[in-house]
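Okay, structure first, notes after.
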Amino acid sequence: MTDVAFDRAVADPPPIQPASRPNLDKGFNPLRMILFFGILAAGLLYVAYSIYSDVDATGTRVTSYLPYILLIVALLIALGFEFVNGFHDTANAVATVIYTHSLPAEIAVMWSGFFNFLGVLLSSGAVAFGIVSLLPVELILQVGSSAGFAMVFALLIAAILWNLGTWYFGLPASSSHTLIGSIIGVGVANALMRGRDGTSGVDWGKATEIGYALLLSPLVGFVCAAGLLLLLKLIIKNPALYAAPEGHKAPPMWIRGLLILTCTGVSFAHGSNDGQKGMGLIMLILIGTVPTAYALNRALPESQVAQFAKVSDAASKVVAAKGAGHAIIGDPRPAVTQYVTSHHISEGTYPSLSVLVKDVGEQVAKYGSLNKVPAEVVGNTRNDMYLTSEAIRFLMKDKENDLSKEEVATLNAYKGGLDSATKFIPTWVKVAVAIALGLGTMIGWKRIVVTVGEKIGKTHLTYAQGASAEFVAAATIGAADVFGLPVSTTHVLSSGVAGTMAANGSGLQVATIRNMVMAWVLTLPVAILLSGTLYVIFSRIF
């Protein structure tokens with residue numbers, strides 16, 4: 001086909017049967033409900049057994065069941081957040097295959113749920129601890145206290161409430177955006193309650209880094225999806241790719257395969273990125289309620305612990321040299337905590353950190369293995385390691401320090417050893433989050449699917465538009481996962497659909513776009529206000 005004929009075919013296609021709305025109401029299916037509750041029950045039993053096994057392996061005697069009751073409640077709320085995240089965000093991944101009749105709705109959501117499950121299981125964990133790093137260091141160090149529980153409950157409940165509200169109105173708002181706002185709200189409220197400036201309650205450097213990722217993701221989705229659609233028109237001259245479905249007819253097999261492939265990519269990428277947010281919060285819950293089993297990575301091999309001793313000695317010399325000429329009397333932790341909170345280097349920063357680095361090294365050397373650290377001191381050892389790691393992270397980013405490249409490399413190696421001991425995710429946590437996210441994908445997806453499929457553009461979604469939006473979303477989320485940054489599946493994909501509609505000259509439904517932008521603008525301030533208010537209330541209850 002010549003270029004002129006192709007352009008004419010795309011611009012002025014022959015009359016065809018209008019695309020029909022997909023069947024989104026299959027009704028009650030007893031078999032699916034049995035399968036759903038069967039997987040749910042199996043997952044909960046697996047979680048309970050895993051916690052029992054991990055605690056039993058430490059040899060700790062259970063003297064009170066209160067921590068375990070709080071643990072169960074907190075875990076259910078955290079997994080509830082991931083469940084809501086599943087049907088709120090992943091509906092975006094299946095909208096294109098449903099509205100192009102590539103897959104029936106019930107098959108599409110099960111397919112997407114399965115690949116969300118796989119994405120969570122195979123995720124790296126980098127995003128999980130990037131989220132946790134936003135929280136105030138004093139709350140992380142006291143996560144088992146009443147303030148720690150107030151923090152976890154406030155930010156999770158606030159995120160769930162906003163997600164449910166936007167889902168009810170069919171608005172493709174971002175779960176990532178919501179969670180970040182909830183974390184900031186807790187940090188600001190905590191600082192104000194302690195008589196400090198509200199801006200000191202959050203790691204704003206990390207928040208800005210994440211904020212840029214969330215801010216740019218819809219722009220990337222819009223521009224790149226539009227550009228990809230135009231590129232496809234230059235490269236692939238088959239008009240079938242740029243047509244809307246005919247009635248209920250499925251697309252040609254090669255187009256159908258392309259759309260299913262891109263849907264799979266988005267589902268997998270969503271699981272690998274969004275699933276990690278729940279993992280990081282669950283680890284905070286576990287560290288606060290049962291530190292004997294989860295404060296330190298007891299599965300770390302002794303060979304790695306021996307290697308840690310070497311890098312610890314090298315790091316100690318680097319920090320001690322920077323703090324030469326200053327002496328610290330008493331506990332070094334308050335000075336190090338002050339630096340991590342304020343990010344301002346004082347005379348006591350390096351000497352205090354030097355003492356703490358030496359103390360951590362002596363604690364590890366004393367027991368020879370993290371598995372042998374006594375239950376009564378494991379929480380303190382973990383806190384010292386975490387505080388030291390955070391202080392080194394800020395020192396390496398701080399422009400006020402005068403570290404050489406060799407010194408930065410030494411501290412980086414030491415920080416890696418600290419993080420391997422404190423920033424780990426047990427397999428059962430991944431499985432639990434994967435089940436919650438996967439099952440959530442199969443429930444409540446219809447509202448968001450209808451918005452993406454029917455209410456963004458003025459014409460029916462074409463095959464090329466669906467594939468372009470999905471491919472850009474999968475690539476963007478995958479890249480963010482590599483760099484440990486949370487991005488919004490919702491923002492990238494829904495803006496990608498809008499971008500393809502604009503590039504195709506299909507027109508946009510202004511009311512929907514306005515509502516999407518309004519939800520995007522309001523998410524952060526509403527989540528901050530909601531979680532901050534809940535934190536104040538819960539702090540007075542616990």
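Distance check, rounded to the nearest 0.5 Å: CG of Leu411 to CG of Leu353 gives 8.0 Å. In this structure, CG on Asn163 lies 8.0 Å from CD1 on Ile160, to the nearest 0.5 angstrom. Here the CG atom belonging to Asn297 is positioned 10.0 Å from the CE atom belonging to Met385, to the nearest 0.5 angstrom.
Side-chain polar atoms of Ser123 and Ser272 form no donor-acceptor pair below 3.5 angstrom.
A donor-acceptor pair is defined here as one N or O able to donate and one able to accept, closer than 3.5 Å; no such pair exists between the side chain of Asn504 and the backbone of Ser506. No donor-acceptor pair under 3.5 Å is formed between the side chain of Arg382 and the backbone N or O of Ile287. A distance-only check finds no donor-acceptor pair linking the side chain of Asn190 to the backbone of Val186 [under 3.5 Å]. When atom types are taken as modelled, the side chain of Thr512 and the backbone of Lys455 share a donor-acceptor pair closer than 3.5 angstrom. Under the 3.5 Å distance criterion, the side-chain polar atoms of Thr262 are matched with a main-chain donor or acceptor of Leu259. For Thr476 (side chain) and Ala473 (main-chain N/O), no donor-acceptor pair under 3.5 Å exists by modelled atom type. Using a distance-only test at 3.5 Å, with no hydrogens or angles considered, no donor-acceptor pair links the side chain of Gln465 to the main chain of Gly499. Using a distance-only test at 3.5 Å, with no hydrogens or angles considered, no donor-acceptor pair links the side chain of Glu82 to the main chain of Leu437. No side-chain donor-acceptor contact under 3.5 Å links Ser531 to the backbone of Leu155. Between the side chain of Ser112 and the backbone N or O of Ala108, no donor-acceptor pair lies under 3.5 Å.
With a 4.5 Å cut-off on side-chain heavy atoms, Leu418 and Thr388 count as touching. Inter-residue side-chain proximity for Val336 and Thr349 is flagged as unmet; no heavy-atom pair is nearer than 4.5 Å. Using a 4.5 Å heavy-atom cutoff, the side chains of Tyr294 and Asp54 are in contact. Contact annotation: the side chain of Val266 never approaches that of Phe115 to less than 4.5 Å [non-hydrogen atoms, C-beta and beyond]. Counting heavy atoms from C-beta on, the side chains of Val94 and Trp111 never come closer than 4.5 Å.
Atom CE of Met110 has 12 or fewer heavy atoms from other residues, nucleotides or ligands within 6.0 Å.
If you run side-chain contact (heavy atoms from CB on, under 4.5 Å) between Tyr386 and each of Ile140, Thr381, Val340, only Ile140 comes through.
The aromatic rings of His460 and Tyr99 sit tilted, their planes meeting at an angle between 30° and 60°.
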